[in-house]
S.K.: 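The structure follows.
Counting starts at 1 for both ligands and their atoms, following the listed order. Nothing here was measured: the structure is a model prediction, and the numbers come from that model.
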Amino acid sequence: TVKAKGRNSYLFFHKNMEERSLERILLENEMKKAIKLDQFTLEYQPKIDIKSGKLIGMEALVRWNHPELGKIPPGKFIPIAEETGLITVLGEVILRKGCEQTHRWQEEGYTDLVLSVNLSTKQLYQNDLIEKIKLILRETNLDSKWLELEVTETAFTNIDNAQSILQEIRDLGIQVSIDDFGAGYSSFSYLKNLPVNTLKIDASFIRDIDLNKESQAIVNGIVDIAEKLKLNVIAEGIETVEQLDQLKDAECPQGQGYYFSKPLTADTFHQFLKKEHRLTFH
Ligand code: C2E
Ligand code: MG
Ligand code: MG
Ligand code: MG
């Protein structure tokens with residue numbers, strides 16, 4: 001207990017709590033300003049077809065370079081945005097930017113790229129989500145078939161709710177991917193019941209796949225199950241050629257990670273597109 005640790009740690013505990021909530025309040029306010037001032041940007045990380053080495057799409061990842069505080073990682077501010085409800089408006093900003101940019105690239109002739117956007121659990125259960133997505137697709141002129149939403153397993157605690165909202169998303173023609181697959185409380189029952197397209201194997205299994213037999217077995221198993229369920233599979237967090245070789249052995253069809261490319265600014269991603277036909281990742 002707190003008391004058992006003595007007076008000093010008791011005080012420290014409280015100071016710590018206070019600092020944490022102050023930081024929270026600070027970041028919440030700064031996020032509100034940053035939304036108004038349009039200071040959130042997106043980076044795009046290539047997704048690759050492992051057999052051909054070809055680019056198939058890109059995951060949009062939000063970036064915040066605060067004028068005084070510097071770069072703040074999404075792992076820090078997204079949870080606060082979720083707790084405070086700001087994720088609703090921030091999520092719309094992100095989706096709109098990603099769709100706009102993807103449509104611009106389509107106009108440049110890059111017509112077959114799927115945009116993946118992360119969707120927080122909180123957003124998934126936002127009551128006007130479907131209307132907002134429809135509006136953004138209409139306003140940005142992006143055909144829904146080029147959009148994929150990545151959701152994590154934490155969204156599936158209530159299978160019935162998840163099923164109906166995911167079905168509405170699928171009915172719009174949007175693809176759905178389970179992000180960080182295997183890292184949470186994966187259950188085969190939701191694979192049976194949920195209308196998802198893709199399993200995105202969590203980076204934790206890829207990190208040691210070239211050394212760890214268990215990770216290899218798990219990845220092989222996920223790829224096999226996906227194939228039998230007619231689901232697509234992508235591995236995230238591929239950093240080395242050794243990891244890629246293991247994924248080739250497992251016949252994992254798609255991959256993403258620093259080995260291929262870090263997340264890129266829109267300009268740099270555009271450069272990447274221009275030279276993509278010369279790139280091979282074999
Ligand atoms: P995620 O969706 O699983 O995204 C993958 C994270 O791994 C990204 O971190 C990406 O930059 C990083 N990554 C990609 N390849 C590699 C690699 O080879 N090695 C390593 N070590 N890392 C790699 P990032 O951008 O910091 O995002 C972290 C998490 O924050 C995301 O995990 C996602 O849950 C959340 N997030 C990021 N952008 C958004 C967004 O626009 N909306 C929402 N709701 N969440 C977001
Ligand atoms: Mg993701
Ligand atoms: Mg992930
Ligand atoms: Mg993650």
S.K.: Ring centres of Y110 and F269 under 6.0 Å apart?
M.R.: no

S.K.: For ligand 1, which part of Q45 has a heavy atom less than 4.0 Å away: the side chain, the backbone, both, or neither?
M.R.: side chain

S.K.: Only heavy atoms of S120, strictly under 4.0 Å: list the atoms of ligand 1 that pass.
M.R.: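 That gives atoms 44 (N) of ligand 1.
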
S.K.: The Mg ion (ligand 2) to S116: any N/O/S contact under 2.8 Å?
M.R.: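 No, outside the cut-off.
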
S.K.: Taking only residues two or more places apart in sequence or in another chain, which ones pass side-chain contact (heavy atoms from CB on, under 4.5 Å) with N65?
M.R.: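 Partners of N65 by the side-chain contact (heavy atoms from CB on, under 4.5 Å) criterion, ordered by chain and then number, come out as K71.
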
S.K.: Any side-chain heavy atom of M31 within less than 4.5 Å of one from W64?
M.R.: yes

S.K.: Quick check: of its N, O or S atoms, which one does D180 have closest to the Mg ion (ligand 3)?
M.R.: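 The closest N, O or S atom of D180 to the Mg ion (ligand 3) is OD1.
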
S.K.: Given that the side chain starts at C-beta and the backbone is N, CA, C, O, which of these parts of R63 lies under 4.0 Å from ligand 1, counting heavy atoms, or is it both or neither?
M.R.: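 Side chain only.
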
S.K.: Heavy-atom contacts with G237 under 4.0 Å: which atoms of ligand 1 show up? List them by number with element.
M.R.: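 Matching atoms, with element in brackets: 17 (C), 18 (O).
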
S.K.: Within a distance under 4.0 Å of any heavy atom of I94, pick out the atoms of ligand 1 and give their elements.
M.R.: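 Within the 4.0 Å cut-off of I94, ligand 1 contributes 40 (C), 41 (O), 42 (N).
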
S.K.: Using 30° and 60° as the class boundaries, would you call the ring planes of H270 and W105 parallel, tilted or perpendicular?
M.R.: tilted

S.K.: Please determine if E28 and K32 form a salt bridge, counting it only when a charged side-chain N lies under 4.0 Å from a carboxylate O.
M.R.: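 K32 and E28: salt-bridged.
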
S.K.: Within the structure, does V62 bring an N/O atom to less than 3.5 angstrom of an N/O atom in ligand 1?
M.R.: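 Such a contact does occur with ligand 1.
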
S.K.: One residue to check: E43. Relative to ligand 1, which of side chain, backbone, both or neither has a non-hydrogen atom less than 4.0 Å away?
M.R.: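 Neither; no heavy atom under 4.0 Å.
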
S.K.: Could you list which atoms of ligand 1 come closer than 4.0 Å to a heavy atom of E59?
M.R.: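 Counting atoms of ligand 1 from 1, those under 4.0 Å from E59 are 2 (O), 4 (O).
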
S.K.: Numbering the atoms of ligand 1 from 1, which are under 4.0 Å from a heavy atom of G257?
M.R.: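 Reading through ligand 1 atom by atom, the close ones are 15 (N), 18 (O).
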
S.K.: Taking the side chain as everything from C-beta on, heavy atoms only, tell me whether W146 gets closer than 4.5 Å to L115.
M.R.: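 No; the side chains remain at least 4.5 Å from each other.
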
S.K.: If hydrophobic clusters are built by linking Ile, Leu, Val, Met, Phe, Trp and Tyr wherever their side-chain heavy atoms come under 4.5 Å apart, do L95 and I87 end up in the same one?
M.R.: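 Yes, because L95 and I87 connect within a single hydrophobic cluster, where side-chain heavy atoms sit under 4.5 Å apart.
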
S.K.: Of all the atoms in D179, is at least one N, O or S atom closer to the Mg ion (ligand 2) than 2.8 Å?
M.R.: yes

S.K.: I238 versus Q256: any side-chain heavy-atom pair under 4.5 Å?
M.R.: no

S.K.: Apply the side-chain contact (heavy atoms from CB on, under 4.5 Å) test between I174 and each candidate in I169, I130, L166; give the one that qualifies.
M.R.: I169

S.K.: Using 2.8 Å as a strict upper limit, say whether an N, O or S atom of E150 approaches the Mg ion (ligand 3) that closely.
M.R.: no

S.K.: For the Mg ion (ligand 2), find the closest N/O/S atom belonging to E59 and write down its atom name.
M.R.: OE2

S.K.: Based purely on interatomic distance, does Y258 place a nitrogen or oxygen under 3.5 Å from a nitrogen or oxygen of ligand 1?
M.R.: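 Yes; at least one N/O pair falls below 3.5 Å.
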
S.K.: Taking heavy atoms and a distance under 4.0 Å, where does V117 meet ligand 1: side chain, backbone, both or neither?
M.R.: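 V117 to ligand 1: no contact under 4.0 Å from either part.
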
S.K.: Would you mind listing which atoms of ligand 1 come within a distance below 4.0 Å of any non-hydrogen atom of D179?
M.R.: 1 (P), 2 (O), 3 (O)

S.K.: Should the proximity of E236 to ligand 1, defined as any heavy atom under 4.0 Å, be assigned to the side chain, the backbone, both, or neither?
M.R.: side chain

S.K.: If the cut-off is 4.0 Å to any non-hydrogen atom of P263, which atoms of ligand 1 fall inside it?
M.R.: 11 (O)

S.K.: Rounded to the nearest 0.5 Å, how far does CG of L244 lie from NZ of K248?
M.R.: 4.5 Å

S.K.: Judged on heavy-atom distance to atom 46 (C) of ligand 1, which of I206, N118, D180 sits nearest?
M.R.: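 The residue whose heavy atom sits nearest atom 46 (C) of ligand 1 is N118.
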
S.K.: Of the backbone and side-chain N, O or S atoms of E236, does one lie nearer to the Mg ion (ligand 3) than 2.8 Å?
M.R.: yes

S.K.: Would the distance check show the side chain of Q175 and the main-chain N or O of K145 forming a donor-acceptor pair, the cut-off being under 3.5 Å?
M.R.: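 Checking the backbone N and O of K145 against the side chain of Q175, a donor-acceptor pair under 3.5 Å is found.
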
S.K.: For E148, which of K200, R170, K47 qualifies under salt bridge (charged side-chain N to carboxylate O under 4.0 Å, His left out)?
M.R.: K47

S.K.: Determine whether a donor-acceptor pair (N or O, by modelled atom type, separation under 3.5 Å) exists between the side chain of Q243 and the backbone of R207.
M.R.: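 A pair under 3.5 Å: yes.
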
